[in-house]
Amino acid sequence: MTADGSWVSLFSGGKDSSWALYRALEAGLPVSHMLTVHPEGESYMYHVPATELTSLAAESIGLQHVNVTPEDFDAMTATDSGEQGDAELEPLEAALADLSDDLEGGLAGVTAGAIESEYQTSRIQAMADRLGCDVFAPLWQRDPSELAREMLDAGFEITILQVAAHGLDESWLGRTLDADAFAELEALNEEYGVHVLGEGGEFETFVTDGPHMDRPIELEYETVWEGTRGHIEITDARLG
């Protein structure tokens, strides 16, 4: 890892990017900023739900927060996934290049929460190569069940924001991913192929508390169910 410069957490608020940040802090990496991309619509590269909550997470963690709000990626009309991913990466890379100029010692590296997606990871690594920085990806190719246990053992409180998979009904919306929930997900993995950590888009999450956070995030919400998928609409969010 690069010795000089600061690290930036690529942060969506979900469990994977949160775990990458937490492990980077545990490892003593000098993380100075969290950076969140807020997609206007659907996205091939980025976590979409409830990214507005990341400002509360940054306040609780105590790091500076950079927000990137690109124009609509028009992902629903994309015909070439590779070109779409490259195009979606451009505003992130530009923001990191701008931020690097303001960091003492420059940009040493970025943290990334990818587990199995070669599509995302290869693009983040190529971007880091262009920027001349490292990538810290502690979840990459780890066993999902082991990662789930590590997150729970560390004290992560993980809330489900959205579901879209066979076996996941409305009762999962707003549910806390505890040991019982992960046990059910392992059973659903065997029956339906649901990824234990939702890597295939089966569900999306937000971390509302963890050992790296000074105060928990408290949510009030309503559930919206659309037959085979659903999400929560947050009506209020605050630090506890």
How many angstroms lie between [atom1] in [X] and [atom2] in [Y], if you round to the nearest 0.5 Å?
{"X": "Arg215", "Y": "Leu239", "atom1": "CZ", "atom2": "CG", "value": "4.5 Å"}
{"X": "His33", "Y": "Phe11", "atom1": "NE2", "atom2": "CZ", "value": "15.0 Å"}
{"X": "Ile158", "Y": "Ser18", "atom1": "CD1", "atom2": "OG", "value": "8.5 Å"}
{"X": "Leu107", "Y": "Asp102", "atom1": "CG", "atom2": "CG", "value": "11.5 Å"}
{"X": "Ser9", "Y": "Tyr22", "atom1": "OG", "atom2": "OH", "value": "14.5 Å"}
{"X": "Leu139", "Y": "Glu150", "atom1": "CG", "atom2": "CD", "value": "9.0 Å"}

Check [X] against [Y] and note the closest heavy-atom contact, atom names and distance.
{"X": "Ser12", "Y": "Thr54", "answer": "O-CG2, 3.3 Å"}
{"X": "Pro138", "Y": "Ala20", "answer": "CG-CA, 3.7 Å"}
{"X": "Gly113", "Y": "Asp16", "answer": "O-CB, 3.2 Å"}
{"X": "Ala57", "Y": "Met34", "answer": "C-CE, 4.2 Å"}
{"X": "Gly174", "Y": "Thr159", "answer": "O-CG2, 3.8 Å"}
{"X": "Leu173", "Y": "Gln162", "answer": "CD2-CA, 4.0 Å"}

So, [X] versus [Y]: side-chain donor-acceptor pair below 3.5 Å or not?
{"X": "Thr223", "Y": "Glu170", "answer": "yes"}
{"X": "Asp169", "Y": "Ser171", "answer": "yes"}
{"X": "Asn189", "Y": "His195", "answer": "no"}
{"X": "His38", "Y": "Thr51", "answer": "yes"}
{"X": "Glu186", "Y": "Ser145", "answer": "yes"}

Could you check Leu185 against Leu168 for side chain to side chain contact (heavy atoms under 4.5 Å, CB included), going step by step and ending with a plain yes or no? CA-CA 9 Å; Leu185 286 169; Leu168 298 178; 4.0 Å; yes

[Y] side chain reached by [X] side chain, heavy atoms, under 4.5 Å:
{"X": "Phe203", "Y": "Thr205", "value": "yes"}
{"X": "Val31", "Y": "Val8", "value": "no"}
{"X": "Trp172", "Y": "Glu184", "value": "yes"}
{"X": "Leu177", "Y": "Met151", "value": "no"}
{"X": "Thr208", "Y": "Pro216", "value": "no"}
{"X": "Glu93", "Y": "Glu90", "value": "no"}
{"X": "Ile232", "Y": "Glu222", "value": "no"}
{"X": "Phe206", "Y": "Lys15", "value": "no"}

Do the ring planes of His212 and Phe156 sit parallel (below 30°), tilted (30 to 60°) or perpendicular (above 60°)? parallel

Assess the residue pair Leu21 and Ile61 against the criterion (side chain to side chain contact (heavy atoms under 4.5 Å, CB included)); give the C-alpha distance rounded to whole Å, side-chain angles, the decisive distance to 0.1 Å, and a yes or no. CA-CA 10 Å; Leu21 170 58; Ile61 294 166; 3.8 Å; yes

[X]-[Y] co-clustered via ILVMFWY side chain contacts under 4.5 Å:
{"X": "Leu197", "Y": "Tyr192", "result": "yes"}
{"X": "Val135", "Y": "Leu103", "result": "yes"}
{"X": "Ile234", "Y": "Val224", "result": "no"}
{"X": "Trp7", "Y": "Trp140", "result": "no"}
{"X": "Leu147", "Y": "Leu25", "result": "yes"}

Decide side chain to side chain contact (heavy atoms under 4.5 Å, CB included) for Tyr221 and Leu161; before the verdict, give the C-alpha distance in whole Å, the side-chain angles of both, and the deciding distance to 0.1 Å. CA-CA 10 Å; Tyr221 60 85; Leu161 302 179; over 6 Å; no

Going through the checks in order, is the side chain to side chain contact (heavy atoms under 4.5 Å, CB included) test met by Glu116 and Gln141? CA-CA 6 Å; Glu116 295 173 3; Gln141 296 186 331; 5.9 Å; no

Only one of Leu35, Asp98, Thr36, Leu96 forms a side chain to side chain contact (heavy atoms under 4.5 Å, CB included) with Val68, so which one is it? Leu35

More than 12 non-hydrogen atoms from neighbouring residues, nucleotides or ligands closer than 6.0 Å to [atom1] on [X], yes or no?
{"X": "Glu218", "atom1": "CD", "value": "yes"}
{"X": "Arg142", "atom1": "CZ", "value": "yes"}
{"X": "Glu104", "atom1": "CD", "value": "no"}

Could you walk me through whether Glu26 and Arg23 pass salt bridge (charged side-chain N to carboxylate O under 4.0 Å, His left out), step by step? CA-CA 5 Å; Glu26 260 201 323; Arg23 289 301 306 275; 3.3 Å; yes

So, does Ser122 use its side chain to make a donor-acceptor pair with the main chain of Glu118 at under 3.5 Å? yes

Mark yes or no for whether Arg229, through its side chain, and Val163, through its backbone, hold a donor-acceptor pair below 3.5 Å. no

Salt bridge (charged side-chain N to carboxylate O under 4.0 Å, His left out) between Glu220 and Arg238, worked out: CA-CA 9 Å; Glu220 294 181 13; Arg238 58 191 175 272; 3.2 Å; yes

